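Keep in mind that the numbers below use all heavy atoms, side chains included, and drop hydrogens, waters and symmetry copies. Each chain gets a letter, A, B and so on, in the order the sequences are listed, and its residues count up from 1. Quantities reported herein were computed from a predicted structural model and do not represent experimental measurements.
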Amino acid sequence: MTVMELSNLSVTLRRRDVIRDVSLSVGKGEFIGLIGPNGAGKTTLMRAALGLIPFVGNSSLAAMPLAERAMAVAWMPQQREIAWPVTVETLVMLGRTPHVGALASPTDHDRSQVDAAIRWMGLDDMRQRAATRLSGGEQARVLIARALAQDTPFVMADEPVAGLDPAHQISTMQTFARLAEQGKSSLVSLHDLGLAARHCTRLVLMSEGRLIADGCPAHVLTPERLAEVFGISAWYQDTEQGPVCQPLEVIR
Amino acid sequence: MRLVLPLVLLVFVLFAASLLIGPAGIGVWEGLSALFTMDESPQALVMREIRLPRALLAVMIGAGLGVSGAAMQGYLRNPLAEPGLIGVSGSAALGAVIAIQTGAATAFALALPMAALAGALGGVLVVVALAGPRGTSLTLILAGIAVSAMAGALTSLVLNLSPNPFAASEIVFWMMGSLADRSMTHVWLALPFMVIGGGLLAATGRGLDAMTLGEDAAEAMGISMGRLRLAVVIGTACIVGAGTAVAGAIGFVGLVVPHVLRPLVGGRPGRLLWASALGGAAMLLAADIAVRIVLPERDLKLGVLTALVGAPLFLHLILKLRGTRI
């Protein structure tokens with residue numbers, strides 16, 4: 001069973017090919033890291049897959065009606081926008097928007113989903129604080145909790161760990177890994193190859209709008225690819241404590 | 001919801017006060033009974049033909065400006081947004097100015113509000129065409145600025161070329177905004193637009209709440225950005241167009257009221273809509289009572305007073321905000 005199916009997806013912005021012929025299938029219970037240098041098209045690929053920007057090709061998510069898609073996938077954009085000083089609890093409850101009717105108020109089930117998301121991201125102490133007054137890293141965790149509260153089989157997040165401290169980076173990656181264990185899938189763009197190698201079940205490598213490699217971390221993070229795509233050398237080893245990938249030098 | 005009851009009470013008290021305060025010096029009991037009796041006494045005429053439409057218009061326009069200000073701020077995610085931003089008040093004023101200049105306004109009583117409504121319609125059509133079905137909030141702001149600038153330039157041109165100094169001064173006074181000497185005809189003219197606009201904006205609460213997280217996140221939560229933008233623009237245009245048509249340009253209500261009430265609703269844009277409607281009605285009723293009390297014989301204009309009260313209030317809020325943010 002797949003939660004997202006992209007075939008020959010291309011995006012052209014201002015007559016420039018930003019994404020070219022990307023085909024990707026995301027199965028149940030996968031935690032996929034989307035990696036690639038700046039400008040490789042990671043964000044554009046995710047936004048096109050969601051149907052937020054025009055594209056050519058097929059995306060199973062973009063083909064759905066809005067309300068149905070909101071039940072199928074949750075999206076956490078890179079811009080961590082919180083426009084108004086609402087409480088953390090209120091903000092996480094926004095994730096229930098697709099489930100709560102236009103004139104209905106949240107049910108006990110909605111509240112328990114919000115509680116669970118808040119607990120998962122360790123936000124219990126700040127439930128009643130204004131989300132705009134939190135630190136950048138805390139805001140990121142609140143927004144992840146919001147996406148979790150949407151309770152969809154698939155979560156897409158654009159650089160969810162950027163700006164988090166090491167402990168919260170690891171626990172966020174573990175959150176997605178635990179979702180995968182429960183049969184929920186996620187596609188997460190990342191710049192930290194170490195975290196990607198260690199936690200993701202599968203990596204998708206992009207460069208200049210094309211999909212370069214797709215597979216398990218050891219298969220994707222080869223020295224040749226890292227040199228060619230990122231222009232770096234790295235130390236990669238399957239150790240007793242799991243796979244370790246440590247970038248070393250710039251070689252271009 | 002603890003906020004609703006005090007606001008409703010406030011509007012109620014101010015509405016009653018608006019009915020009972022005026023130069024005719026009608027007593028409280030006398031006035032209220034004259035309102036509900038069908039006789040043709042002077043008191044009954046004053047109450048029904050002068051004070052009632054004035055108070056009703058203050059409630060309608062105040063509530064409309066409040067709710068459209070809240071919707072505009074919520075949609076643009078900017079506390080400095082106001083209903084006039086999409087250029088509707090400017091283009092409505094242009095329509096009215098043309099009606100005064102050509103003499104149509106003196107020839108036929110409803111020519112001025114009708115021309116203002118036509119101007120507002122033209123303005124909103126241009127804005128919707130410019131902001132497009134796939135536009136963002138930024139294109140909407142730019143389109144609004146363009147339409148406002150164009151309408152402002154054309155209004156100045158009409159004033160500039162006006163051969164008649166009386167028409168020019170009439171235009172200037174009209175643009176200050178007032179509720180004096182309005183009749184029930186004005187109420188009936190504005191009411192359908194106010195109801196349509198209010199209905200459109202009332203339905204945007206859920207979408208505006210989701211917009212707290214930005215356009216992308218809101219769309220991914222099942223909110224249609226195109227529909228939301230259209231509802232906000234058309235709803236605001238109906239309200240501001242009708243309001244400007246019958247009362248002239250009344251500033252600061254749509255800017256200040258949502259700003260003052262935001263902390264009281266926990267920052268939630270959806271709840272702010274209702275609160276701002278009540279708050280706007282209260283503010284405009286109070287301002288319209290004040291122009292009758294402060295300088296009763298000098299015809300102080302309502303728009304002048306709201307700006308005089310609104311601007312310092314706004315400054316105060318900015319200073320307070322500067323203190324709490326690092």
Inspect the surroundings of [atom1] in [X] and state if more than 12 heavy atoms from other residues, nucleotides or ligands are less than 6.0 Å away.
{"X": "A:D124", "atom1": "CG", "answer": "yes"}
{"X": "A:F154", "atom1": "CZ", "answer": "yes"}
{"X": "A:W120", "atom1": "CH2", "answer": "yes"}
{"X": "B:M150", "atom1": "CE", "answer": "no"}
{"X": "B:R227", "atom1": "CZ", "answer": "no"}
{"X": "A:E208", "atom1": "CD", "answer": "no"}

Practice problem: Against chain B, work out which of A:G95, A:A67, A:A74, A:P98 has the most heavy-atom pairs shorter than 4.5 Å and name it. | Solution: A:P98

With respect to chain A, which residue among [options] yields the maximal number of heavy-atom pairs within a distance under 4.5 Å?
{"options": "B:Q73, B:E215, B:M225", "result": "B:Q73"}
{"options": "B:V265, B:D216, B:I223", "result": "B:D216"}
{"options": "B:P79, B:G205, B:A210", "result": "B:P79"}
{"options": "B:A217, B:G207, B:A218", "result": "B:A217"}

Exercise. Could you check A:T97, A:L91, A:T90, A:L94 and say which one makes a side chain to side chain contact (heavy atoms under 4.5 Å, CB included) with B:D209?
Key: A:L94

Exercise. Could you look at A:P77 and say if it's the side chain, the backbone, both or neither that has a heavy atom under 4.5 Å from chain B?
Key: side chain

Quiz item: Does any heavy atom of chain B fall under 4.5 Å from the side chain of A:R80, the backbone, both, or neither of them?
Solution: neither

Quiz prompt | Value rounded to 0.5 Å, distance of CG in B:L213 from CD in A:Q79 | solution = 12.5 Å

Quiz item: If you look at every heavy atom in B:G222 and A:A70, which pair is closest and at what distance?
Solution: N-CB, 3.6 Å

Self-check item: Portion of B:P263 that has a non-hydrogen atom of chain A nearer than 4.5 angstrom
Solution: neither

Self-check item: Those residues of residues 49-61 of chain A, ordered by number, that approach chain B below 4.5 Å (heavy atom to heavy atom)
Solution: A:G51, A:L52, A:I53, A:P54

Quiz prompt | Cation-aromatic face contact B:R268/A:W84, 6.0 Å, 45 degrees | solution = no

Quiz item: Does some side-chain heavy atom of B:M221 sit less than 4.5 Å from a side-chain heavy atom of A:R96?
Solution: no

Quiz item: Got a donor-acceptor contact below 3.5 angstrom from the A:R69 side chain to the B:E219 backbone?
Solution: yes

